[in-house]
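As C-alpha cells, the structure follows; a few thoughts come after it.
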Amino acid sequence: MSKVTVLGSLNVDTILQIPRLPQPGETLAMTDKRNAGGGKGANQAISAARSGAKTSFIGKIGDDENGRMMLSFLKDAGINTDQVTVSGKGTGQAFILLQESGENSIIIFGGANQEIKAQDIENAKNTIESSDFIVTQFETPIEQATKAFKLAKEAGVVTVLNPAPAHKDVDSALFENVDLITPNETEAEILTEIKVVDEITAHEAAARLQELGAKNVIITLGGHGAYYKTATEEKLVKAFKVNAVDTTAAGDTFLGALVSRLKKDFSNLEEAIIYASKASSLAVQKVGAIPSIPTEKQVLAALENDKA
Ligand code: RIB
C-alpha cells in the first residue's frame, strides 16, 4: 500500500447550477444550489485514500463549522489529520458556477489555506519523510511547497506537483525538486507558452516542462486523455468516453488515484494512468467534488465491466 502525503487546500464548495454563464449586467436564475466538500488538496487526498493509499494531510482550517466539516470528511476517508491545524482565518471556500454543459468556473476564497507557514512544514517533517509520495498544488503558499519538496527529495520521497490554479512564473527552486508535474492543457500553456491542442504540442509542452526541471510530465487533456513523457517514453493514453455532468475535481480524482497505484520508479506509469482515468471518468458523472470521488472497488468494477 502506497504512503501518500498531501500538502494542500481544504474548501467548502458552493455549487450554483446555472444554464449558462450570465452576461455582464444580466440577472440569471439558478436551477439548483448545494454545498459539498472540496479544495484541490482535500479532493486529491480523498481520491488517494478511497483508492487504498495510506494518506496523511498537511493543511489549515478555520475555527468554524466549515473547518470541522472538512476535518470530518478527511477522517471519514481514513486520512491521518495530525498535521491539520486551525488558523485565525476562515476555512477556504469555493464558489462554483456549474453550467448545464458540465463546464465550471470557480471563484476561490483562500482563507486558512493561505496561512500555512514554514513551521507547519517543519512540524510535518516526519510525516513527509516517511511517505512514498508527496503531492501538492497551488492553492496553498508556493514557498511552503518548495520547502516541503526539498525535505521530501532529501529523504527519497517522490514529489508530485499539480500546478493548479495556474501560475505563470514558478521558481526554479521548486521545479528542480519535482519528480512528476501534472498540468491540464491550460496550465501547461501558462507554464510553457505553448498552446496544447494535440499530441505534437503536448510533446513540445512536456519537453519544455522537463527543460524547466520537472523529471516526468503528465498533461491531462480532458476528454482526449492524458499525455505522459518520462526520460525514455511518451504516449497519449485515451480517455474513457462518458457523459460528464460536472467536471469539478476530475483532475484531482485522477491525481489521487494515480499516486495510489504508481510505483516509486514509475515502472507501471501507463497502467496507473488507465486506473486514474477510469476513476476520473466516474467522478465527472456525479455533481460535487468529494461526493463524486469513487472508491477502489468502484474503479476496479468499472474496469472489469469494460472487459465484459
Ligand atoms: O479542483 C476542484 C476544486 O477546485 C474544487 O473542489 C474547489 O474547491 C477548487 O479548489
Side-chain angles (χ1 to χ4, degrees), residues 6-17 33-50 57-62 64 66-67 69-74 77 79 84 89-99 102-116 135-142 145 160-167 181-188 190 218-222 226 244-259 276-277 279-294:
V6 177
L7 161 63
S9 56
L10 298 141
N11 293 334
V12 171
D13 294 347
T14 298
I15 306 156
L16 310 179
Q17 290 179 251
K33 172 170 116 59
R34 64 181 90 179
N35 285 341
K40 294 184 193 305
N43 299 340
Q44 291 170 15
I46 286 181
S47 178
R50 287 188 183 161
F57 200 88
I58 307 169
K60 286 243 188 253
I61 50 173
D64 49 31
N66 281 350
M69 183 166 88
M70 289 309 300
L71 193 61
S72 73
F73 288 145
L74 296 182
I79 295 171
V84 178
K89 295 241 173 100
T91 300
Q93 273 186 275
F95 299 89
I96 302 181
L97 302 178
L98 172 60
Q99 299 178 65
E103 284 173 308
N104 63 45
S105 310
I106 305 182
I107 303 160
I108 293 284
F109 165 67
N113 294 317
Q114 291 305 320
E115 295 299 297
I116 297 175
V135 176
T136 198
Q137 331 73 32
F138 288 156
E139 280 187 341
T140 48
I142 294 185
V160 182
L161 175 65
N162 177 226
H167 269 265
I181 190 165
T182 63
N184 64 19
E185 59 269 70
T186 312
E187 291 144 8
I190 289 170
I218 300 175
I219 303 178
T220 54
L221 304 165
V245 297
D246 180 8
T247 57
T248 310
D252 300 333
T253 301
F254 177 93
L255 184 48
L258 181 93
V259 291
S277 299
S280 175
S281 77
L282 295 178
V284 300
Q285 295 178 65
K286 284 192 187 166
V287 175
I290 289 176
S292 73
I293 298 170

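All figures in this text were calculated on a predicted structure; none of them were measured in a lab. As the structure lists them, so they are numbered: ligands from 1, and atoms in each ligand from 1.
The nearest pair of heavy atoms linking G62 to A112 is N-CB, 3.8 Å. The nearest pair of heavy atoms linking A257 to A279 is CB-CB, 3.7 Å.
Separation of atoms CD1 (I96) and OG1 (T247) is listed at 9.5 Å; rounding is to 0.5 Å. Rounded to the nearest 0.5 Å, atoms OG1 (T91) and CG (N11) are 9.0 Å apart.
Looking at residues two or more places apart in sequence or on another chain, you find a side-chain hydrogen bond (donor to acceptor under 3.5 Å, both in side chains) between T248 and N104, D246.
With respect to the salt-bridge test (charged N to carboxylate O, under 4.0 angstrom), the residues E115 and K60 do not qualify.
Within 4.0 Å of ligand 1, heavy atoms belong to protein residues N11, D13, G38, G39, K40, N43, A94, I106, I108, E139, T248, A249, D252, A289.
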